[in-house]
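What follows is one structure encoded as structure tokens, with my remarks underneath.
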Amino acid sequence: MPDFDYDLFTIGAGSGGTRASRVAGAHGARVAVAEEYRVGGTCVIRGCVPKKLLVYGAHFAEDLKDAQRFGWRVPDDLAFDWKCLQENVLSEVDRINLAYTTTLESNGAEIIHQRATITGPNEVTLADGTTKTAGHILVATGARPHVPDFPGCEHGITSNDVFHLDAIPKRVLIAGAGYIANEFAGIFHQLGAHVIVMNRTKDILRGYDLQIRDRLLQISMMKGLDFRFDSTFEKIVKQDNGCLEVHMIGQDEPVIVDCVLYATGRLPNTEGLGLERVGIEVDEKGAIPIDDDFRTSCTSISALGDVTNRIQLTPVAIREGQAFADNMFGKGGASVDYDCVPAACFSHPPIAGVGMTESEARQKLGSVRIYSSDFRPMKNVLAGRDERSLYKMVCDAETDRVVGIHMIGPDCPEIIQAAAVCVKAGLTKAQFDQTVALHPTMAEELVLLK
């Protein structure tokens, strides 16, 4: 494509955009990547990675208490240093940011640290007014937190801001009941905050199996989290002392907190991109419609990752970026299989699942068999902790095929990755039963389910 400045111009250097650009460069394409913030995107800079590190840090609150039952003389008044954890987490973010940058540059991609907007089918304009042309443009701008609109909404924060708090607030209200809400509810609670979770319905973590969600809700309430269901914001009033008075529709009395965190979903980053200039219309949520080859209605422009609002998961965006680059600049024939994508919520305790829930299986298959194990992990027994785990297997009654596995308990996200291979491969319950258990482990329950 000698008439263009580049063969590929990628807007956004998150997980999907970085993978697509790196692989395209490895195939010999001339690649440029525009990123107005930092290379790595939401997952690396302000999402999955730093959040999981906070989860690890928060887990020590319970681990240190449990350690006393295992013979360790741990003082009851141990102090927690938020600044220490914060600085170490941000330092790790810097390290991964550098690694992503190095990977792009080592594969020949040029990184342009400016905002880019689309001004033609093969043209983008940078923030400094410079125009660049490319044989193909890839939009991989991801998504951003949704901020509800109501009087006083400006006093709340989003998950992006949590990593930069000066201190852990003593009282937190979290709006929402999805991944982000439940994960940060656990983090804040374990680090000593009183947590109120407000949601407009009675459902938490829609998409997960109902029994697993109910178990998480029971455990969370037992730990002391305060849930306010069927509630929405009326207004937030900031008091003279800096505290926030939150008025909720559905609740009789306002609550006083130090921090309000919005975890009410994420919106595709398409505003101001210039899509209308090339005839690309977004859907009602702002997402870019694409075909199976990631092409938009403008054939020289593609999109992938969260900006398309298919499955908002980092590994999905990475698979899409790989497939796009291989098809566009490599040998072709690559595709992404969206069936049986495993997922986890790093709540306290974590939950994970793959395949159909019991409700989905009954609707799609009609006749199903359910196998489960409700048990107290060995560590919890000795620690004197009543918290119970639940493993659940959903099978097609006619074929004995395992169509779904759902879990709540310590380490279940680690276990579900291997279990996902089994569900993806179409293994049967009998094949699980024929596998000898690895004892003593929690995972052995998967081959002992009744």
Side-chain angles (χ1 to χ4, degrees), residues 14-15 40-59 86 89 93 142-148 153 155-165 168-169 171-191 193 195-208 212-213 216-217 219-220 223 225-229 231-233 246 257 259-269 285-287 305-307 309-317 341-353 408 413:
S15 297
T42 294
C43 180
V44 168
I45 305 301
R46 52 193 173 273
C48 317
V49 171
K51 175 205 64 187
K52 184 66 180 294
L53 294 174
L54 292 187
V55 169
Y56 283 135
H59 262 296
Q86 183 184 57
V89 168
V93 168
R144 67 185 186 281
H146 167 257
V147 176
C153 63
H155 299 306
I157 67 172
T158 71
S159 56
N160 293 353
D161 307 308
V162 171
F163 308 104
H164 304 283
L165 288 172
I168 295 297
R171 300 162 298 181
V172 183
L173 184 142
I174 300 176
Y179 286 91
I180 295 173
N182 281 279
E183 289 172 340
F184 279 111
I187 291 169
F188 279 124
H189 174 74
Q190 295 299 328
L191 296 183
V195 178
I196 300 172
V197 179
M198 183 195 83
N199 193 42
R200 58 188 176 85
T201 70
K202 289 185 172 65
D203 296 323
I204 69 169
L205 288 165
R206 288 179 299 171
Y208 281 94
I212 303 298
R213 311 191 251 145
L216 176 61
L217 180 59
I219 293 174
S220 297
K223 289 177 182 289
L225 274 70
D226 182 1
F227 287 84
R228 307 293 180 94
F229 293 124
S231 302
T232 56
F233 286 110
V246 183
V257 296
C259 176
V260 171
L261 170 62
Y262 302 125
T264 51
R266 297 179 64 80
L267 301 173
N269 273 324
K285 294 183 179 179
D306 289 0
V307 77
N309 201 29
R310 282 184 167 179
I311 300 178
Q312 290 190 346
L313 292 173
T314 295
V316 172
V341 175
C345 175
F346 296 97
S347 46
H348 282 70
I351 70 173
I408 179 171

>> V316: which residues meet the side-chain contact (heavy atoms from CB on, under 4.5 Å) condition with it, sequence neighbours left out?
In response: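 Applying side-chain contact (heavy atoms from CB on, under 4.5 Å) to V316 gives I311, L313, E320, Y338, V341.
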> Residues two or more places apart in sequence or in another chain: which of them pass side-chain contact (heavy atoms from CB on, under 4.5 Å) with N199?
Replying inline: A177, T201, F229
Atom pair [atom1]/[atom2] of [X] and [Y] - distance to nearest 0.5 Å:
X	Y	atom1	atom2	value
N182	I351	CG	CD1	7.0 Å
R46	D161	CZ	CG	11.0 Å
I204	R206	CD1	CZ	12.0 Å
I174	F184	CD1	CZ	8.5 Å

Which heavy atom in [X] sits nearest to a heavy atom in [Y], and how many Å separate them?
X	Y	value
C259	I157	SG-CD1, 3.6 Å
V257	R171	CB-O, 3.6 Å
A193	P169	CB-O, 3.1 Å
V44	P50	O-CD, 3.4 Å

Going by heavy atoms in the side chains, are [X] and [Y] under 4.5 Å from each other?
X	Y	result
P145	Y262	no
R228	L173	no
D306	T42	no
L54	E183	no
Y208	Y179	yes
F233	V260	yes
V93	F163	no
V172	H189	no

> Under the side chain to side chain contact (heavy atoms under 4.5 Å, CB included) criterion, do I187 and V162 qualify, and how do the steps go?
Replying inline: CA-CA 11 Å; I187 291 169; V162 171; over 6 Å; no
>> If you apply the rule side chain to side chain contact (heavy atoms under 4.5 Å, CB included), what do you find for H59 with Q190, and how did you get there?
In response: CA-CA 7 Å; H59 262 296; Q190 295 299 328; over 6 Å; no
> Can you check side chain to side chain contact (heavy atoms under 4.5 Å, CB included) on I219 and K223, steps first, answer last?
Replying inline: CA-CA 6 Å; I219 293 174; K223 289 177 182 289; 3.6 Å; yes
> Under 3.5 Å, side chain of R144 to main-chain N/O of P268, donor-acceptor pair present?
Replying inline: yes
> Where the side chain of T264 meets the backbone of H146, is there a donor-acceptor pair that is under 3.5 Å apart?
Replying inline: yes
